[in-house]
Every structure is written in structure tokens, then in C-alpha cells.
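By convention here, the first residue in the shown sequence is residue 1.
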Amino acid sequence: MPNAPRRQSTNTVTTNSTPVRDSESELLLGELKRLEENDPATREVRERVVQLWRPVANQVAWRYANRGEPVEDLRQTAMVGLMKAIARYDPARSGRFASYLLPTVTGEVKRHFRDHTWAVRVPRRHQENRGRLNRATTALTQRYGRSPTVDELADHLGLGRDETVELIEASSAYSALSLEAPIRDSEGSITTLGDTLGEFDAALDRLVDREALRPAVARLPERERLILALRFTGERTQSEIATAVGCSQMHVSRILSGVLRRLRRELTPHED
């Protein structure tokens with residue numbers, strides 16, 4: 001008796017080389033749409049669908065591994081995409097769940113990279129075009145045997161020259177260099193990037209104040225300028241100043257108070 005032809009199973013599909021019991025998930029998803037959210041069976045049905053399609057979500061996450069993000073973060077993001085696909089899938093309008101699931105999970109992972117991996121926030125169009133720029137750079141480098149020019153990239157991408165320049169600059173913000181990154185200085189010694197960065201110089205603020213104060217001090221009488229210089233440049237005490245100029249300490253105190261009040265009034269007239 002000849003062997004009967006084997007019937008092709010409709011219970012499984014192979015998605016990214018992972019067998020998934022498609023017919024079961026279709027039935028479960030149809031049932032899920034009929035259940036109320038507060039029905040105890042809803043959670044059980046949803047968890048069963050998650051178990052069926054978790055391997056596919058994990059495969060999508062692994063496809064984007066080694067791109068600067070922890071695999072566990074990518075897996076969690078892919079699971080978010082899976083949950084969204086389960087919640088939004090309509091068996092009557094969306095076709096096979098596998099065809100609906102993959103772009104949903106992949107889109108969620110791509111959004112993760114777009115929203116969380118850029119060191120500096122750049123316009124979304126540049127985030128989305130960064131991949132095109134990288135592919136164009138690779139293709140043109142192979143074609144010409146050198147790095148492509150901005151005009152060549154613009155022509156290849158179908159963008160204006162200014163927009164291409166902006167895209168190149170924005171793409172450099174994708175990842176930040178650690179301040180602990182080792183670099184070699186001009187003398188050949190190894191240091192870190194953080195050691196080359198300047199620090200805040202409080203003297204710059206004092207420089208501005210001194211330059212603004214200079215003409216106001218120049219207008220003071222000679223004796224008052226001398227007392228001011230002895231106090232703040234020579235760091236003399238009021239008693240020492242009194243001895244130097246031949247007056248009482250109390251008189252020196254009154255002169256300093258009056259001079260400082262006039263100088264403050266000239267530099268900050270809006271506070272009067």
C-alpha cells in the first residue's frame with residue numbers, strides 16, 4: 001500500500017528558525033479579545049501567549065546585541081514589544097500574529113536605541129538617518145578606496161550638502177568618550193581625557209570686577225586711594241594704615257566705609 005502523503009502541519013511556523021505553535025496562539029489571542037480585562041482567565045491566556053513567543057522576542061534582542069547596550073536591557077525591551085503586540089493584535093484584521101509581532105518587537109528595540117543610547121539629544125530625523133549615513137559611508141569607501149566627501153555622501157543619500165554636514169556632526173553625538181579614556185600627550189606620556197579638561201577659574205570673574213572698578217578708583221582723592229591700596233593690596237590693618245597716613249584708626253575706618261559705599265554705588269547703581 002503506497003504511503004499516504006504527509007499532511008503539512010498548520011500547527012507550527014518557523015520564525016527566525018524558532019518553531020512556534022502558531023495555531024494555538026491564534027486561538028488564544030482570539031479568546032483573549034473576547035475576555036474582559038478583569039477576568040481571571042485573561043492573565044492565564046496572556047501568559048501562555050507570552051511563553052509561546054518569548055523565544056522570538058529573545059531572538060530579535062540578540063540580533064541587536066554588541067551595539068553598546070546590555071543584552072538584558074534589549075531582552076526586556078523586546079518583551080515590552082511582545083506585550084504591546086499581544087494587546088493590539090486583532091485576529092480579524094491583522095492577519096497572522098507572527099507577521100504582526102516581528103515589526104512591533106523590532107520597532108520597540110529600535111526606539112530603545114533611538115531614545116536611550118544617544119549621548120546628546122539630536123533631532124529624530126538625524127537619529128533615523130544615522131544608519132543610512134553609516135551604510136553610505138561604507139559603500140562609498142569600498143567604491144572609491146578612500147573616505148567619501150560630503151558632496152558624495154549628500155548625492156548618495158539624496159540630501160542637501162548642509163543637511164548632510166549637520167547629519168555627520170549629529171552622528172558624532174551617538175556615543176560619548178569616557179573621561180577616564182587614556183590618551184597620549186604631546187610628550188608621549190599616557191594621561192586621561194579628564195586630565196586635559198580645564199577647570200573653572202574664579203579669577204576670571206575677579207578680572208571683570210577689577211576692570212570695572214579701575215576708573216571708579218581713579219576718580220578718588222589721592223589720600224583715599226592710598227588708604228584703599230594699603231588695606232586691600234598691602235593687606236595692612238587699620239591701625240597700621242592710621243600710623244602710615246598720620247590719623248586715627250577711627251578716621252581710617254570712616255574713610256574706608258565711605259569709599260566702599262561710593263564704589264559700590266557706582267558699580268551697582270540699579271540697586272539704589
Side-chain donor/acceptor of Glu152 to backbone N/O of Thr149, under 3.5 Å: yes
Arg146 atom CZ, neighbour heavy-atom count above 12 within 6.0 Å: yes
Heavy-atom donor-acceptor pair, Ser253 side chain to Gln249 backbone, under 3.5 Å: no
Asp162 atom CG, over 12 foreign heavy atoms within 6.0 Å: no
Main-chain N/O of Phe232 paired to Glu235 side chain as donor or acceptor, under 3.5 Å: no
Member of Tyr89, Phe97, Tyr100 meeting the ring pair (Phe, Tyr, Trp, His ring centres under 6.0 Å) criterion with Trp53: Phe97
Taking every non-hydrogen atom, the tightest pair across Val45 and Leu28: CG1-O, 3.3 Å
Sidechain N-carboxylate O distance under 4.0 Å for Arg48, Glu44: no
Basic-acidic side-chain contact under 4.0 Å: Glu224, Arg262: yes
Considering all heavy atoms, the nearest Gly81-Val105 contact: C-CG2, 3.8 Å
Presence of salt bridge, Glu222 and Arg225, under 4.0 angstrom: no
Hydrophobic cluster identity match, Leu82 and Val80, side-chain contacts under 4.5 Å: no
